[in-house]
Amino acid sequence: MTTITVIRGDGIGPEIMDATLHVLDAMQLGLQYEFADAGMVALEKHGELLPAATMDSIRRNRIALKSPLTTPVGGGFSSINVELRKRFDLYANVRPAKSFPNTKSRFPSGVDLVTVRENTEGAYIGEGQALSEDGEVATLTQKITRRGSERIVRYAFDLARKTGRRKVTVVHKANILKSTSGLFLKTAREVAQQYPDIECNEMIVDNTCMQLVMRPEQFDVIVTTNLFGDIISDLCAGLVGGLGLAPGANIGTEAAIFEAVHGSAPDIAGQGIANPCALLLGAGQMLDHLGMADQGNRLRGAIIATLEARDTLTPDLGGSGTTLTFAKAITSRL
Ligand code: NAI
Ligand code: MG
């Protein structure tokens, strides 16, 4: 019996989580859920956005399925997602982008790639961020380490091997950012030599953006540093139908957290019309991570079959179904 921490979240969070658990329950996976609060709901109930009990639960179970959280604006609250990333050293942000049928997408077929983004270094860590007193000059220090580069590239190659993918593209800007991107690229080349069974190629980040838009089918696994990975993974989500279908995982040495990429969607919360697919696909990534890739494929297969049949899709996909009828349609195709 595997116990996972389940965070129902804010806004549409509880609705898409209920739908997701409905489907997971029907799969009879032997998963046990430990519910924990985070976000606005936790702030109201316990006076904290990220209560200690929630952290303990994730630390104990090492696996969490998480709905979107609302970070209050103002009041000095830092992002909960950033906090989780720091506390559990969630160094790999893994974002699959796959074409799905009957979605309003530029590439309804042909795209099946995964972006692996380094999550703990580089431009986003905020070291040495400064603005001169007169407000005229801003500076930022970017730190890239061999250790950080090595573990993310290794993660990407291991993922390729484990999931039957054949190629890893190392995305960089070492021609200009000679020290930081240079170290990342050099380390990546060394790691790649240890995976002779996986093809490795290198691509400069700006060219990568153009190639992704023109010929995304050439990509399989992309591995890159924090800032480039942030931008590229959203670009990839946009290629294949946007937020409602984009899952993500944050994988670390101490825990792994699976989620939808989108936020708590306050504009449609409480209406029961949110698309549960992104969180369901996040649950699929969780099953893969737990060594249940067959079940992950079963779940993805049922989602694809439901999209193909256009069965009670939610309004964002052009249907008139609800979160729950959509989930039930998926369940019936497991
Ligand atoms: P959002 O992703 O919540 O919403 C953007 C647009 O996409 C909205 O029109 C929304 O209705 C739609 N949308 C999003 N998910 C959908 C779904 N599953 N089905 C149908 N439509 C969907 O982004 P926004 O509005 O910028 O952020 C809202 C709140 O979410 C903020 O408090 C933000 O901090 C938080 N947020 C949390 C994240 C997380 O916990 N991982 C990630 C991004 C934002
Ligand atoms: Mg982003």
Side-chain angles (χ1 to χ4, degrees), residues 16 19-20 23 93-117 156 159-160 162-169 171 198-199 201 203 207-224 228-249 258-262 274-289 293-319 321 326-327 329-330 333-334:
I16 59 175
T20 297
V23 178
N93 182 237
V94 183
R95 298 252 309 249
K98 184 176 160 50
S99 297
F100 288 110
N102 290 325
T103 50
K104 286 178 235 147
S105 143
R106 304 213 167 248
F107 294 94
S109 69
V111 179
D112 184 4
L113 62 85
V114 182
T115 305
V116 177
R117 162 190 172 193
L159 179 76
K162 226 170 43 190
T163 53
R165 293 179 180 271
R166 315 189 68 91
K167 183 164 82 174
V168 172
T169 302
V171 174
I198 309 285
E199 186 190 337
N201 69 340
M203 203 178 278
N207 179 36
T208 306
C209 291
M210 186 188 71
Q211 295 291 335
L212 274 167
V213 171
M214 295 187 73
R215 262 190 345 106
E217 65 284 350
Q218 69 183 288
F219 294 93
D220 199 348
V221 176
I222 291 172
V223 65
T224 190
F228 298 159
D230 184 21
I231 297 168
I232 284 179
S233 56
D234 269 28
L235 192 160
C236 291
L239 293 175
V240 295
L243 282 178
L245 294 159
F258 300 85
E259 62 185 355
V261 166
H262 61 71
N275 180 355
C277 277
L279 187 60
L280 274 165
L281 291 165
Q285 276 184 285
M286 179 183 77
L287 297 178
D288 297 345
H289 183 82
D294 288 353
Q295 298 291 350
N297 289 334
R298 181 180 168 212
L299 176 56
R300 286 181 285 270
I303 293 170
I304 291 169
T306 307
L307 291 169
E308 260 164 7
R310 289 187 167 283
D311 188 357
T312 64
L313 308 185
T314 45
D316 60 301
L317 296 173
F326 192 9
I330 292 167
R333 290 184 172 79
L334 282 166

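Nothing here was measured: the structure is a model prediction, and the numbers come from that model. Only heavy atoms go into these numbers, but all of them, side chains included; no hydrogens, no water, no symmetry mates.
Side-chain atoms of V213 and C209, non-hydrogen and from C-beta on, never get closer than 4.5 Å to each other. Side-chain contact between V94 and V114: present, with at least one pair of heavy atoms (C-beta onward) separated by less than 4.5 Å. Contact check for T208 versus F219: side-chain heavy atoms found under the 4.5 Å cut-off. Side-chain contact check for L212 versus I222: some heavy-atom pair is nearer than 4.5 Å.
Contacts of R300 classified as salt bridge (charged side-chain N to carboxylate O under 4.0 Å, His left out), with partners at least two apart in sequence or in another chain: D288. Annotation: salt bridge (charged side-chain N to carboxylate O under 4.0 Å, His left out) contacts of R333 (sequence neighbours excluded): D311. With sequence neighbours excluded, the residues that form a side-chain contact (heavy atoms from CB on, under 4.5 Å) with P315 are I273. For D316, there are no salt bridge (charged side-chain N to carboxylate O under 4.0 Å, His left out) partners at least two apart in sequence or on another chain. With sequence neighbours excluded, the residues that form a side-chain contact (heavy atoms from CB on, under 4.5 Å) with P276 are I16, A19, L280, T314, T323, F326. For S99, the side-chain hydrogen bond (donor to acceptor under 3.5 Å, both in side chains) criterion is met by no residue, not counting sequence neighbours. Shown here are the side-chain hydrogen bond (donor to acceptor under 3.5 Å, both in side chains) partners of R166, two or more places apart in sequence or in another chain: there are none. When the ring-ring contact (aromatic ring centres under 6.0 Å, His included) test is applied to H289, the partners found at least two apart in sequence or on another chain are F258. L243 is linked by a side-chain contact (heavy atoms from CB on, under 4.5 Å) to V261, H262, counting only residues two or more places apart in sequence or in another chain. Residues meeting the side-chain hydrogen bond (donor to acceptor under 3.5 Å, both in side chains) test with E259, sequence neighbours left out: K66, N250. Every residue two or more places apart in sequence or in another chain that forms a side-chain hydrogen bond (donor to acceptor under 3.5 Å, both in side chains) with R310 is listed here: N102.
Within a 6.0 Å radius of CE in M210, more than 12 heavy atoms belonging to other residues, nucleotides or ligands are found.
Atom CZ of R117 and atom CG of D230 lie 4.0 Å apart (nearest 0.5 Å). Atom CG of L245 and atom CG of L317 lie 5.5 Å apart (nearest 0.5 Å). Considering CZ of R106 and CG of L239, their distance stands at 9.0 Å, rounded to 0.5 Å. Annotation: the span from Q285 atom CD to L279 atom CG amounts to 10.5 Å, rounded to 0.5 Å. Expressed to the nearest 0.5 Å, how far CG of L287 lies from CG of N297 amounts to 10.0 Å. To the nearest 0.5 Å, the span separating CZ on R298 from CG on D294 amounts to 10.5 Å.
Evaluation of the side chain to side chain donor-acceptor pair (under 3.5 Å) test over residues 209-222, restricted to residues two or more places apart or in two chains, returns R165-D220, N207-Q211, Q211-Q218.
Considering every non-hydrogen atom in both T20 and A283, the closest pair reads CG2-CB, 4.0 Å. Minimum interatomic distance between V111 and A97 (heavy atoms only, all atoms of both residues): CG1-O, 3.6 Å. Heavy-atom minimum distance, A302 versus I330: CB-O, 3.5 Å. Closest approach of P216 to L113, counting heavy atoms only: O-CD2, 4.1 Å. Annotation for T306 and L313: closest pair O-CD2, 3.9 Å, computed over non-hydrogen atoms. Residues A237 and R95 come closest through the heavy atom pair CB-NH2, 4.0 Å.
No donor-acceptor pair under 3.5 Å is formed between the side chain of S233 and the backbone N or O of T115.
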